[in-house]
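Down below is the structure, laid out as structure tokens.
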Amino acid sequence: MKHEKYGTHFLVFFNDETGEMEDTFLSDKWQDDAEKEIRPYVEKELGDVLISKEMEDIAENEDWEKIQEEIGDYNQLLLVFDEGIGKELNIDPNKPASYKDYEVSPTIRITLSRKEQDADEDRFNEMINGLKKDKVLEHGNMIVEYISTKGVPLEEEEWHKKF
């Protein structure tokens, strides 16, 4: 589904465990909002980055090689809130408050199309410190993954930090 007012794409589904219809509107809206706010911090330290909304447009193409070509060497940012966050926090979906109004800890995944560099840990810590200082995001779990888009395999490299 797509919310007309916010432009947020979200899923509506029947939850077998609860026996109720549910949706991911709030978590997806918060994802869109947070990625937009976090993006400048990531780009300041790492350069251009694609966010989920841009990746959606690319992924609609059925040709995998074309998708890979369009993504190229872009860094990617994906932020995820728990799908049931709205229900868990008892938030009225008709009045979707900001994620900043709640003590939430999303997962931030940054995918870099390169090998790890010596200065990376300092860059990531600088991002986290800026997000906290500017009250963009107080808590979270940052995961950085290094991949190759040139067919050259990288060793399993990831960086994790809970803040």
Side-chain angles (χ1 to χ4, degrees), residues 1-12 22-60 67 70-147 149 154 156-163:
M1 309 276 314
K2 181 177 179 180
H3 193 284
E4 287 183 24
K5 181 177 178 182
Y6 300 109
T8 299
H9 288 268
F10 63 100
L11 178 66
V12 177
E22 296 183 14
D23 66 67
T24 62
F25 171 68
L26 189 68
S27 63
D28 290 339
K29 182 181 182 320
W30 282 6
Q31 173 186 354
D32 291 348
D33 295 347
E35 283 180 352
K36 286 179 200 163
E37 290 205 52
I38 291 169
R39 183 184 208 165
Y41 295 84
V42 177
E43 289 186 334
K44 178 183 175 195
E45 296 298 328
L46 301 170
D48 290 340
V49 66
L50 292 174
I51 59 175
S52 296
K53 276 197 171 199
E54 296 163 332
M55 295 297 291
E56 270 179 19
D57 295 339
I58 292 171
E60 286 178 6
I67 291 171
E70 288 189 44
I71 292 173
D73 290 333
Y74 273 98
N75 299 318
Q76 299 167 38
L77 169 64
L78 172 66
L79 187 138
V80 179
F81 288 95
D82 184 289
E83 282 183 357
I85 195 80
K87 189 171 186 172
E88 179 183 319
L89 297 173
N90 200 26
I91 298 171
D92 181 349
N94 296 312
K95 299 176 187 171
S98 171
Y99 68 92
K100 293 179 186 181
D101 296 335
Y102 297 88
E103 192 168 315
V104 292
S105 296
T107 297
I108 303 166
R109 178 174 285 277
I110 299 172
T111 304
L112 303 175
S113 301
R114 62 169 174 79
K115 289 186 174 194
E116 185 174 2
Q117 297 175 353
D118 292 339
D120 281 350
E121 186 168 352
D122 291 336
R123 289 179 180 124
F124 307 143
N125 284 321
E126 190 66 30
M127 278 185 259
I128 291 168
N129 292 336
L131 293 170
K132 290 172 76 169
K133 181 179 79 88
D134 297 341
K135 299 190 184 311
V136 173
L137 191 62
E138 298 285 330
H139 307 281
N141 184 28
M142 184 179 283
I143 300 169
V144 180
E145 178 181 37
Y146 298 89
I147 64 166
T149 59
L154 297 178
E156 285 288 321
E157 298 179 53
E158 279 194 352
W159 185 87
H160 297 259
K161 182 162 187 173
K162 190 172 185 110
F163 62 97

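- Residues Leu79 and Gln31 come closest through the heavy atom pair O-CG, 2.9 Å.
- Considering all non-hydrogen atoms of both residues, Pro106 and His139 come closest at CD-O, 3.5 Å.
- Separation of atoms CD1 (Ile51) and CD (Gln76) is listed at 12.0 Å; rounding is to 0.5 Å.
- Distance CD1/Ile110 to CZ/Arg123: 12.0 Å, rounded to 0.5 Å.
- Between Tyr99 and Val136 there is a side-chain heavy-atom pair separated by less than 4.5 Å.
- Once rounded to the nearest 0.5 Å, the distance linking CD of Glu83 with CG of Asp23 reads 10.0 Å.
- Within the 4.5 Å cutoff, no side-chain heavy atoms of Leu112 are placed close to those of Glu145.
- Side-chain contact between Val144 and Asp120 is absent, with no heavy atoms from C-beta onward closer than 4.5 Å.
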Residue pair Phe124, Leu46: steps toward the side-chain contact (heavy atoms from CB on, under 4.5 Å) verdict: CA-CA 9 Å; Phe124 307 143; Leu46 301 170; 4.1 Å; yes
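- Interatomic distance, CG of Leu77 versus CZ of Arg109, reported as 11.5 Å (0.5 Å rounding).
- Side-chain contact check for Glu158 versus Ile143: some heavy-atom pair is nearer than 4.5 Å.
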Might you work through the side-chain contact (heavy atoms from CB on, under 4.5 Å) test for Phe163 and Lys132, ending with a clear yes or no? CA-CA 9 Å; Phe163 62 97; Lys132 290 172 76 169; 3.9 Å; yes
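- Of all heavy-atom pairs spanning Val49 and Arg39, the tightest one is O-NH2, 2.7 Å.
- To the nearest 0.5 angstrom, Met142 atom CE is 4.5 Å from Ile128 atom CD1.
- The list of salt bridge (Lys or Arg N to Asp or Glu O under 4.0 Å) pairs with a residue in residues 90-104, not counting sequence neighbours, reads Glu37-Lys100.
- For Phe81 against Ala34, the heavy-atom pair with the smallest separation is CE1-CB, 4.2 Å.
- Going from atom CG of Asp82 over to atom NZ of Lys87 covers 12.0 Å, rounded to the nearest 0.5 Å.
- In this structure, Glu121 and Trp159 have side chains that are in contact, with non-hydrogen atoms separated by less than 4.5 Å.
- Contact check on Lys133 versus Glu126 returns no salt bridge, with no Lys/Arg side-chain nitrogen under 4.0 Å from an Asp/Glu carboxylate oxygen.
- The shortest side-chain heavy-atom distance between Phe10 and Leu26 does not fall under the 4.5 Å cut-off.
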Take Asp48 and Glu43 through the side-chain contact (heavy atoms from CB on, under 4.5 Å) test and state the conclusion after the steps. CA-CA 5 Å; Asp48 290 340; Glu43 289 186 334; 4.2 Å; yes
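- When all heavy atoms of Ala97 and Trp30 are compared, the pair lying nearest together is O-NE1, 2.7 Å.
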I would like to know whether Ile85 and Tyr102 meet side-chain contact (heavy atoms from CB on, under 4.5 Å); could you show each step before the answer? CA-CA 10 Å; Ile85 195 80; Tyr102 297 88; over 6 Å; no
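- Counting heavy atoms from C-beta outward, Ile108 and Leu137 have side chains that approach closer than 4.5 Å.
- The shortest distance between side-chain heavy atoms of His9 and Asp32 does not fall below 4.5 Å.
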